Amino acid sequence: LLSLTSLAVMISTQAISEHASRDSCWIIVHGKAYDVTEFLDEHPGGSKIILKYAGTDATDAYQPIHPPNAIIDNLPIEKHLGTVDPSTVQKTEKVVSEAEKQRQVLLANRPPLDEILNLHDFEAVAKVILPDKAWAYYSSASDDEITIRENRAAFQRVWFRPRILRDVTSVDWSMTILGQKSSLPVYISATALGKLGHPDGELNLTRAAGKHGVIQMIPTLASCSFDEIVDAAQPNQPLFLQLYVNRDRNLTKRYVQHAEERGVKALFITVDAPQLGRREKDMRMKFIGDDDTAAAKVQENQSNVKKNEGVSRAISSFIDPSLSWKDIPWFRSITKMPIILKGVSTPEDAILALEAGVQGIVLSNHGGRQLDTSRSGLENLIDIVAALKTRGPWPNPNFSVFVDGGVRRASDVLKALALGASAVGIGRGFLYAFCGYGEEGVDKAIKIIADELEMNMRLLGARNLKELVPEMVDASALSSHVGLTPKDNLYDSTYQPLSLAAFKSG
Ligand code: 173
């Protein structure tokens with residue numbers, strides 16, 4: 001009732017602009033005015049970024065980073081001040097920077113979709129057409145970015161041993177993931193903040209996934225709200241949910257149970273991010289703080305969020321670093337969904353997960369964004385499958401083993417499946433597809449993977465996924481890390497090269 005009353009109130013932009021200080025801070029989001037004075041210090045991204053928009057419209061900055069209802073749900077109703085009187089909004093022309101104009105031209109001139117032949121093409125286009133900050137956030141990985149390279153390199157150290165003369169007229173990769181039909185042995189893995197890359201954000205994935213029978217894992221930190229995503233799905237479209245566990249377990253419980261009520265089919269709890277890795281490309285963008293578009297309105301010496309933390313660190317303070325094995329029974333008690341631990345790297349933890357009674361694990365290093373120089377999921381798969389085989393049936397119908405990280409080709413998918421993976425996750429590959437081309441890009445990415453699968457299964461001599469056996473790959477070099485020595489940033493950029501004996505001058 002109160003909210004209806006406050007919505008009826010009309011407020012002029014003039015009145016709002018008078019509240020532009022730490023002592024009284026009003027902002028506009030999506031045409032509504034809010035008093036955020038008391039919320040300033042609770043804001044997970046820090047007060048500074050809000051104060052930058054004190055007394056003005058914060059929608060453009062708010063939108064890619066928050067689900068639409070975040071402010072509505074988090075501010076007490078009495079802080080909802082009312083609707084901004086449209087007659088008082090000055091239609092000032094937005095200043096478009098030169099860089100942005102150039103970007104728009106590049107976007108308009110991007111290659112037509114039928115010239116996109118593989119997932120690498122999408123990535124190359126995204127790099128050019130994304131705003132620098134978005135590219136930095138999506139593409140970055142932790143520290144020296146050695147693991148993100150290794151994720152790709154590991155697939156190249158596995159070679160095929162194809163079989164011949166098997167009548168491969170028809171090949172069939174029909175399968176299920178956690179009991180849900182999937183048209184590919186691939187699911188769309190969670191990536192945060194989709195609206196940094198495209199105005200429709202994660203909905204591009206939901207719509208294309210629905211059309212093609214692919215399963216999307218909804219990220220906790222999507223730009224679109226959970227309900228918007230579920231509403232965009234077809235009636236029986238299976239969806240999974242990725243979960244960051246909140247320090248406030250009641251919030252987590254409500255979120256998980258709401259997801260289950262809305263029909264989500266599995267819960268992937270992220271276990272490799274008690275603290276977010278330092279993604280330096282992202283940090284250097286100084287996402288939080290003063291940029292050239294709007295000078296900070298209120299000068300502040302704020303210590304809780306450093307301005308160079310990068311977008312993900314700024315919004316991840318709610319994640320609970322105390323999460324432990326002891327919490328698993330609690331998760332089991334609040335939901336009937338299958339529970340999968342996302343971010344397992346060792347046989348020791350794989351066995352603990354099995355013993356804890358969860359329904360699966362994702363061998364993942366978070367796209368190289370967490371512990372740098374951790375091994376690839378593909379490499380870990382070998383030891384983990386061997387360990388699981390000593391503890392019961394294999395493949396175990398009640399315990400799935402997924403792999404993600406660096407998957408861009410159907411040949412990558414087939415290698416992981418041959419070595420025992422139940423299915424693989426692709427995160428960035430699909431994300432980059434929608435950055436440049438929206439939903440149609442994701443359509444195309446799915447079709448490319450299907451085409452590649454068909455061809456590669458024929459050439460391998462595997463007519464279905466059962467015939468895809470470990471003998472079809474040579475993984476003997478997988479654990480040999482000497483082949484591809486990554487660039488050493490310090491040595492290559494700062495140290496002076498040794499010089500050789502020089503001739504006397506003159
Ligand atoms: O990898 C990430 O960037 C990520 O998982 C994340 C976590 C918290 C906030 C935003 C993104």
Side-chain angles (χ1 to χ4, degrees), residues 43-46 49 61-67 70 74 126 130 133-143 145 147-148 151 188-197 201-202 205 216-226 229 240-248 251-252 255 267-288 304-306 308-321 323 340-345 362-372 374 377 404-407 425-432 435:
H43 182 230
I49 184 73
Y62 170 96
Q63 193 191 238
I65 306 185
H66 307 78
N74 283 298
L130 282 174
K133 283 173 182 169
W135 172 253
Y137 169 65
Y138 290 152
S139 68
S140 63
S142 51
D143 295 2
E145 304 199 336
T147 288
I148 192 178
N151 284 348
I188 302 176
S189 197
T191 52
L193 304 181
K195 284 189 184 170
L196 290 179
E202 297 80 10
L205 299 170
Q216 175 191 15
M217 186 196 299
I218 303 173
T220 295
L221 288 160
S223 298
C224 300
S225 73
F226 171 83
I229 295 173
F240 299 153
L241 178 69
Q242 176 266 336
L243 181 71
Y244 274 122
V245 179
N246 200 298
R247 293 168 194 264
D248 180 346
L251 290 179
T252 289
Y255 185 63
L267 184 67
F268 286 69
I269 305 176
T270 296
V271 293
D272 60 7
Q275 174 180 350
L276 277 217
R278 303 172 83 258
R279 295 86 184 251
E280 295 177 10
K281 282 177 186 156
D282 185 28
M283 292 165 83
R284 288 204 201 281
M285 285 291 163
K286 296 184 170 50
F287 204 100
I288 303 300
N304 62 338
V305 175
K306 298 188 200 82
N308 63 354
E309 288 248 292
V311 63
S312 49
R313 281 196 141 200
I315 63 175
S316 62
S317 55
F318 74 93
I319 299 172
D320 190 349
L323 190 65
I340 289 83
L341 304 184
K342 177 172 178 288
V344 170
S345 292
V362 185
L363 313 189
S364 171
N365 50 43
H366 207 118
R369 293 161 78 82
Q370 289 299 106
L371 180 63
D372 198 24
S374 54
D404 71 26
V407 178
I426 300 182
R428 287 192 188 88
F430 288 119
L431 166 71
Y432 292 136
C435 288

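Quick caveat: nothing in here was measured; it's all calculated off a predicted structure. Atoms within a ligand are numbered from 1 in the order they appear, just like the ligands themselves.
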* Heavy-atom check, side chain of Tyr432 versus side chain of Ser139, under 4.5 Å -> yes
* Under 3.5 Å side-chain donor-acceptor pair for Arg278 and Gln370 -> no
* **Any donor-acceptor N or O pair under 3.5 Å, side chains Ser223, Gln63** => no
* Structure fact -> Value for OH (Tyr137) from CD1 (Ile65), rounded to nearest 0.5 Å, stands at 9.5 Å
* Asked: Rounded to the nearest 0.5 Å, how far does OG1 of Thr252 lie from CD1 of Ile319?
  -> 10.5 Å
* Considering heavy atoms of the protein only, find what lies nearest to atom 5 (O) of ligand 1 and give residue, atom and distance to 0.1 Å. => Tyr244 OH, 2.4 Å
* Nearest neighbour in protein (non-hydrogen) for atom 11 (C) of ligand 1 -> Tyr137 OH, 3.0 Å
So if I count the atoms of ligand 1 from 1 in the order they appear, which ones are less than 4.0 Å from some heavy atom of [X]?
{"X": "His366", "result": "1 (O), 2 (C), 4 (C), 5 (O)"}
{"X": "Arg279", "result": "1 (O), 2 (C), 3 (O)"}
{"X": "Leu221", "result": "7 (C), 8 (C), 9 (C), 10 (C)"}

* Within reach of ligand 1, part of Leu276 (heavy-atom separation under 4.0 Å) -> side chain
